[in-house]
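Lettering of chains follows the sequences in order, A, B, ..., and the numbering in each one begins at 1.
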There are 2 protein chains.
Amino acid sequence: MATADPDRPGFLLPLLLLAGFRTLIDDLHAELARQGHSDLRPLHGFVLQAVGPDGTTASELGQRLGVSKQAAGKTVDRLVALGYLERADDPRDARRKLVRMTERGYDGLRRSAVIFDQLRDRWAATLGPERVAAIEDDLRAVTPANWFRLDVPGWFGA
Amino acid sequence: MATADPDRPGFLLPLLLLAGFRTLIDDLHAELARQGHSDLRPLHGFVLQAVGPDGTTASELGQRLGVSKQAAGKTVDRLVALGYLERADDPRDARRKLVRMTERGYDGLRRSAVIFDQLRDRWAATLGPERVAAIEDDLRAVTPANWFRLDVPGWFGA
DNA sequence: TACGATCGTCAACGTGGTTGACGAAATAGT
DNA sequence: ACTATTTCGTCAACCACGTTGACGATCGTA
């Protein structure tokens with residue numbers, strides 16, 4: 001059974017994962033603020049990513065993010081107020097309201113992608129590229145696949 | 001400069017770190033609920049850890065957790081209401097209110113430590129112990145040291 | 001056509017955080 | 001010994017993000 005190593009107690013693992021995540025997110029937003037996006041909050045990047053290049057609706061956005069449609073709607077409200085998203089009527093279904101990125105939304109998302117790549121390079125410079133890749137592979141292996149619903153292939157690089 | 005690998009875009013790294021963290025936390029709380037601690041929220045484990053065996057005050061707790069003393073005070077209020085913490089007067093300083101763990105608080109923290117160790121073993125069974133250790137070492141290397149103010153040596157194993 | 005499912009929204013609420021103010025108590029300085 | 005400053009806890013107002021429940025409008029279907 002559990003042969004806990006006293007030198008490496010299990011509670012350090014979540015703490016280190018959180019630390020790594022928060023470090024990247026904090027560095028990202030410090031740089032984003034420097035580039036004119038000081039009003040983007042940590043959550044917003046995930047939301048923009050989930051909206052994607054084709055847009056969605058609030059209900060679908062909620063499903064992608066794993067929250068209620070009401071919560072998704074309120075987050076869209078804020079991002080509309082900040083100028084990152086816009087709403088439009090769906091001509092084929094009067095109930096639906098399309099949610100699309102504005103040019104500012106695209107800009108924030110593009111810059112986030114570039115900055116994240118640079119931060120990953122910084123980790124690679126410290127650890128070596130193969131160890132960064134190993135972290136990614138290992139975490140993929142122990143993490144449920146539904147954590148990656150945000151993947152929008154072919155969207156980021158450009 | 002940034003030689004981004006299109007197969008491993010940088011934004012996957014924070015997503016995977018978050019996924020790993022949330023997976024561990026979700027599994028922890030599912031098991032804690034099974035063991036009679038369904039009212040413990042993800043934050044509470046960090047707070048109990050930061051209170052430690054000797055107790056603290058709300059102000060000091062806020063510093064340890066990196067939040068304001070008011071936020072720390074409100075969280076203590078909730079944990080007192082749930083029976084995990086208790087307040088006591090400091091005989092040497094009438095301004096201070098000592099915050100201590102109750103027996104229920106100790107129980108929740110002990111169980112969390114055991115469960116975390118088991119979850120780490122589960123990762124080790126999938127990845128191999130040396131790769132789990134490598135993740136921890138790597139994350140330590142790229143993460144500011146002040147992320148580990150919660151370390152209370154010698155407290156957990158027992 | 002009538003019914004049930006779906007979409008967006010409103011309302012009320014919970015949790016975790018912020019800043020500002022303020023009285024009470026400890027401490028430093030003269 | 002008496003001020004002046006600092007510190008501690010708390011109150012109040014507010015913000016961000018989430019929940020559940022309800023409800024009118026609209027769509028698809030029996």
For this session: Run the salt-bridge test on B:Asp137 and A:Arg8 with the 4.0 Å N-O cut-off and return the result as yes or no.
Result: yes
Exercise. DNA chain C: B:Gln70 or B:Lys74, which has the more 5' nearest nucleotide?
Worked result: B:Lys74
Problem set entry | Nucleotide nearest A:Ser68 when distance is taken to its side chain, options C:dA26, D:dC17, D:dT19 | D:dT19
Exercise. Does a side-chain N-to-carboxylate-O contact under 4.0 Å join B:Asp27 and B:Arg122?
Worked result: yes
Problem set entry | Separation of D:dG9 P from B:Asp90 CG (nearest whole Å) | 9 Å
For this session: Name the closest nucleotide to the B:Arg95 side chain, picking from D:dC17, C:dG17, D:dC8.
Result: D:dC8
Exercise. Tell me: CG of A:Asp39 to P of D:dC15, nearest whole Å?
Worked result: 16 Å
For this session: Kindly determine whether A:Arg120 and A:Glu136 satisfy salt bridge (charged side-chain N to carboxylate O under 4.0 Å, His left out), including the steps that lead there.
Result: CA-CA 11 Å; A:Arg120 189 180 183 279; A:Glu136 291 170 342; 2.8 Å; yes
For this session: Determine: side-chain N/O of A:Thr75 to OP1/OP2 of D:dC17, distance under 4.0 Å, yes or no.
Result: no
Exercise. Just checking A:Arg87: base, sugar-phosphate only, or nothing, at a heavy-atom cut-off of under 4.0 Å?
Worked result: sugar-phosphate
Seminar exercise, completed: From CG of A:Asp89 across to P of C:dG8 the rounded distance in Å is 11 Å
Exercise. Is any side-chain nitrogen or oxygen of B:Ser59 closer than 4.0 Å to OP1 or OP2 of D:dT10?
Worked result: no
For this session: Would you indicate what B:Ala71 reaches in the nucleic acid, counting non-hydrogen atoms under 4.0 angstrom: base, sugar-phosphate, or nothing?
Result: base
Exercise. A:Arg22 CZ to C:dG16 P: how many Å, rounded?
Worked result: 15 Å
Problem set entry | Between D:dT19 (P) and A:Gln63 (CD): distance, integer Å | 13 Å
For this session: Carefully, step by step, assess A:Leu82 and A:Leu40 under the rule side chain to side chain contact (heavy atoms under 4.5 Å, CB included).
Result: CA-CA 9 Å; A:Leu82 291 174; A:Leu40 272 184; 5.9 Å; no
Exercise. Is a salt bridge present between B:Glu86 and B:Lys97, judged by a nitrogen-to-oxygen distance below 4.0 Å?
Worked result: no
Exercise. Quick one: B:His44 NE2 to C:dG17 C1', roughly how many Å, whole number?
Worked result: 13 Å
Problem set entry | Between C1' of D:dT7 and NZ of B:Lys97, the distance in whole Å | 14 Å
Exercise. Just how far, in rounded Å, is P of C:dA5 from NZ of A:Lys69?
Worked result: 14 Å
For this session: May I ask you to say what A:Ala58 touches in the nucleic acid, namely base, sugar-phosphate or nothing, with a heavy-atom cut-off under 4.0 Å?
Result: sugar-phosphate
Problem set entry | N or O in side chain of B:Arg78 less than 4.0 angstrom from C:dG16 OP1/OP2 | yes
